Amino acid sequence: MSGAVLVLGGRSEIGVEVAVRLVKRGHGTVVLAARRSANLDAEEAVLREAGATDVVRVEFDAADVRSHAELLRGIVDRHGPIDVAVTAFGVLGDQERAERDAAHAIDIVHVDYVAHISVLTHLANLLREQGSGKIVVFSSVAGVRVRRANYVYGSAKAGLDGFANGLSDALVGSRVELLIVRPGFVIGRMTEGMSPAPWSSTPDQVADATVNALRRGRRVVWVPPILRWVFAAMRLVPQPIWRRLPR
């Protein structure tokens, strides 16, 4: 296949697993963009073992929104068109700290929402210029109805989900597609030490669902699918009960 796979958040377990599956479907070039990009040996090895012919590492600081336009343009100029761009960066943060420390709360929202607005806007413009391409946005069920237990992170995901929905509509007719992925609790490095929630999934399961949804041209995918119906019902839970629910 022509065009590179770009993973913004190249250390992300889910992002790398998505790239592995795309490599096995014929993509040869993968661009891993992350901070400390020199330390991505393990991720590159996994991709090369899957069959990638070229794995490129690019230094990427999601929080530095002023750098995004030049970074993304440079990737296209040096490595050719982007076929699939995966925005896999983000932070959970510390909810208790964020309730006391406004700067920490702002840091969480900046990376999980503001930085995504910057990256997605630049990506959309680049892919429109190409006349093709796909964007994968990782939202979360945490943003469907924000819970007291993780409202800082959840509010950022709620904003991201709304922005991605609007951008998806704006891209209709452009030959650029956007997929919103809404996983529940994902068991992995990011949630290490936390008790898994009901209907949890693994990075492999999220990646499988994501690539299948890309192949089918879907707009939204829930992982696992039952969460779509669970959260439809949860919208009806009275607020006094909702606020006592755990993370």
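None of these values were measured; they are calculated from a predicted model.
A heavy-atom distance below 4.5 Å is not found between the side chains of V58 and S37. Looking at heavy atoms from C-beta onward, D112 lies out of side-chain contact with L160 at the 4.5 angstrom threshold. Within the 4.5 Å cutoff, the side chain of V18 has heavy atoms near those of the V211 side chain. The closest side-chain heavy-atom distance from E17 to Q205 is not below 4.5 Å. Counting heavy atoms from C-beta outward, T87 and L123 have side chains that approach closer than 4.5 Å. Looking at L227 and R182, their side chains never come closer than 4.5 Å, going by heavy atoms from C-beta outward. Contact check for L40 versus E44: no side-chain heavy atoms found under the 4.5 Å cut-off. At least one side-chain heavy atom of V20 sits under 4.5 Å from a side-chain heavy atom of L47.
A salt bridge does not link R48 with D41: every distance from a Lys NZ or Arg NE/NH1/NH2 to an Asp or Glu carboxylate oxygen is 4.0 Å or more. The existence of a salt bridge linking D94 and R100 is excluded, since no basic side-chain nitrogen approaches an acidic carboxylate oxygen closer than 4.0 Å.
Under a cut-off of 6.0 angstrom, the local environment of CZ in R215 is crowded, with over 12 non-hydrogen atoms contributed by other residues, nucleotides or ligands. Heavy atoms of other residues, nucleotides or ligands lying less than 6.0 angstrom from CZ of R128 number more than 12. Annotation: R175, atom CZ; neighbour count of heavy atoms from other residues, nucleotides and ligands within 6.0 Å does not exceed 12.
Put simply, the side chain of D101 never gets that close to the backbone of R97: no donor and acceptor are under 3.5 Å apart. Although no hydrogens or angles enter the test, the distance criterion places a donor-acceptor pair under 3.5 Å between the side chain of K157 and the main chain of F138. Put simply, the side chain of S155 gets close to the backbone of Y151: a donor and an acceptor are under 3.5 Å apart. Between the side chain of S201 and the backbone N or O of V206, no donor-acceptor pair lies under 3.5 Å. A distance-only check finds a donor-acceptor pair linking the side chain of R219 to the backbone of N165 [under 3.5 Å]. Side chain of H104 to backbone of G93: no donor-acceptor contact under 3.5 angstrom is found. When atom types are taken as modelled, the side chain of Q130 and the backbone of I82 share a donor-acceptor pair closer than 3.5 angstrom. For S174 (side chain) and G131 (main-chain N/O), no donor-acceptor pair under 3.5 Å exists by modelled atom type.
Applying the side-chain hydrogen bond (donor to acceptor under 3.5 Å, both in side chains) test to residues at least two apart or on different chains, none of the pairs has a partner in residues 3-14. Residue pairs meeting the salt bridge (charged side-chain N to carboxylate O under 4.0 Å, His left out) criterion with at least one member in residues 58-73, sequence neighbours excluded: R73-E129.
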I would like to know whether V91 and D107 meet side-chain contact (heavy atoms from CB on, under 4.5 Å); could you show each step before the answer? CA-CA 9 Å; V91 296; D107 286 343; over 6 Å; no
Using side-chain contact (heavy atoms from CB on, under 4.5 Å), reason through V144 and D161 one step at a time and then give a plain yes or no. CA-CA 8 Å; V144 176; D161 198 282; 5.6 Å; no
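In this pair, H68 and F60 present their aromatic rings tilted. The plane angle is within the 30 to 60° band.
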